[in-house]
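For the numbers below, each heavy atom of this structure counts, side chains included, while hydrogens, waters and symmetry mates do not. Since the structure is predicted, the reported quantities are computational estimates derived from the model, not experimental observations. Every chain is numbered from 1, with letters handed out A, B, ... down the list of sequences.
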2 protein chains.
Amino acid sequence: MFQALADPNRRQMVQRLCEGPASVSELAAPLAMTLSAVVQHLAVLEGSGLVRTQKIGRVRTCQLDTQALRAAERWISERRALWERRFDRLGAFLAEQDLKEGDGA
Amino acid sequence: MFQALADPNRRQMVQRLCEGPASVSELAAPLAMTLSAVVQHLAVLEGSGLVRTQKIGRVRTCQLDTQALRAAERWISERRALWERRFDRLGAFLAEQDLKEGDGA
DNA sequence: ACGATACTTAAGCTCATGCTTCACCAACCG
DNA sequence: CGGTTGGTGAAGCATGAGCTTAAGTATCGT
């Protein structure tokens, strides 16, 4: 999931998909690389759950799946919250240390 | 940044750092690999801005930096919001399509 | 039916990543 | 002062990620 977002090209594809569904070729157009490469990136995105695709006729249409995005967002925000709480507590901790200020081991 | 979070070991280190600052060895302890490897991961985390470190005596102490975490969170949430809005609009679009339902090119 | 289009699949190539080992320095412990 | 602890740095290696080419399949347009 983070693995999938780690690549700039893949992020660009996600960016593009934010603005609506797209075919593989449309996705590939702005991306100085072969269709093959794009398909491989797409596979990674699909594997990570970020993108869902569906083939109609010979055209594969790609769509963002917000569920995965939401999961990533949650992972980050949980950790950030955890750390920030810890950080608040640090104030109290330091104050306490100030009082002790050099007690034996 | 996403690159940095892409590695499971690195995520575990971040996880550990959520619960408070740690020395390099403390960070390495639960991680079935050599200190050297951990230091290299640490360099990646530091390079991405996720972690700040500071050396006192011979001990390097590591801390999470929430700013980077916040940036990542924002990136995701912006895109998710964008897509979700687009998704809402899809309802209207489809309704309109239903009315047209087969007009000439 | 025939050619163009839209992808798909496999193979191979190259460079980055993740790891290890080994030698090393610096600080603390007695 | 000498040994141990905590970390650093450079090589080197194995794997995998990202790309390409090339050949193939299935639709679509006419």
Side-chain angles (χ1 to χ4, degrees), chain A residues 1-17 19-65 68 72 102-105, chain B residues 1-17 19-65 68 72 102-105:
Chain A
M1 161 88 242
F2 285 115
Q3 185 68 278
L5 286 176
D7 184 88
N9 291 313
R10 243 131 48 195
R11 278 199 302 273
Q12 200 178 329
M13 290 167 76
V14 167
Q15 174 77 52
R16 167 62 188 81
L17 286 176
E19 295 163 17
S23 73
V24 177
S25 329
E26 278 167 358
L27 226 43
L31 278 185
M33 68 174 99
T34 63
L35 233 187
S36 264
V38 171
V39 170
Q40 287 168 60
H41 280 305
L42 194 54
V44 175
L45 287 171
E46 210 173 348
S48 79
L50 271 166
V51 168
R52 272 172 316 128
T53 77
Q54 175 193 12
K55 191 162 186 175
I56 298 176
R58 59 185 168 166
V59 171
R60 175 172 300 279
T61 306
C62 313
Q63 264 196 162
L64 228 51
D65 182 354
D103 60 338
Chain B
M1 159 88 243
F2 284 116
Q3 184 68 284
L5 287 175
D7 184 87
N9 292 313
R10 242 130 48 192
R11 278 199 303 274
Q12 200 177 329
M13 290 168 75
V14 167
Q15 176 76 53
R16 168 61 188 81
L17 287 176
E19 293 162 19
S23 73
V24 176
S25 330
E26 279 167 359
L27 225 44
L31 277 184
M33 66 173 104
T34 64
L35 234 188
S36 262
V38 172
V39 171
Q40 287 168 61
H41 280 306
L42 194 53
V44 175
L45 287 172
E46 209 173 349
S48 79
L50 272 167
V51 168
R52 272 172 314 128
T53 77
Q54 175 192 12
K55 193 163 185 176
I56 298 176
R58 57 182 172 171
V59 171
R60 175 172 301 279
T61 306
C62 314
Q63 264 195 163
L64 227 52
D65 183 355
D103 60 339

Could you list the donor-acceptor pairs under 3.5 angstrom formed between side-chain atoms of residues 32-43 of chain B and any protein atom two or more places apart in sequence or on another chain?
| unit_1 | atom_1 | unit_2 | atom_2 | d |
| --- | --- | --- | --- | --- |
| B:T34 | OG1 | B:A37 | N | 3.4 |
| B:Q40 | NE2 | B:S36 | O | 3.4 |
| B:H41 | ND1 | B:R10 | NH1 | 3.2 |

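No side-chain N or O of B:T61 forms a donor-acceptor pair with one of B:Q54 less than 3.5 Å apart.
Atom CZ in B:R58 sits about 6 Å away from atom C1' in D:dG6, given to the nearest Å. Straight-line distance from the CD1 atom of A:I56 to the C1' atom of D:dT27: 13 Å, rounded to whole Å. If you take NZ of B:K55 and C1' of D:dT5, they are 12 Å apart, rounded to a whole angstrom. What separates CG of B:L42 from C1' of D:dG6 is a distance of 13 Å, to the nearest Å.
The backbone N or O of B:S23 lies less than 3.5 Å from a partner atom in the side chain of B:E26, making a donor-acceptor pair.
With the nearest nucleotide of DNA chain C identified for both B:G57 and A:R60, A:R60 has the one nearer the 5' end.
Note that CE of A:M1 is 10.0 Å distant from CZ of B:R11, once rounded to the nearest 0.5 Å.
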Go through it in stages, so that I can follow the logic: the residues are B:E46 and B:T53, the test is side-chain hydrogen bond (donor to acceptor under 3.5 Å, both in side chains), and I'd like the CA-CA distance, side-chain angles, deciding distance and then a yes or no.
CA-CA 8 Å; B:E46 209 173 349; B:T53 77; 3.0 Å; yes

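Between B:L64 and B:L50 there is no side-chain heavy-atom pair separated by less than 4.5 Å.
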Go along nucleotides 9-20 of chain C 5' to 3' and tag each nucleotide: B for a protein heavy atom under 4.0 Å from its base, S when only backbone or sugar atoms are that close, - otherwise.
BB------SSBB

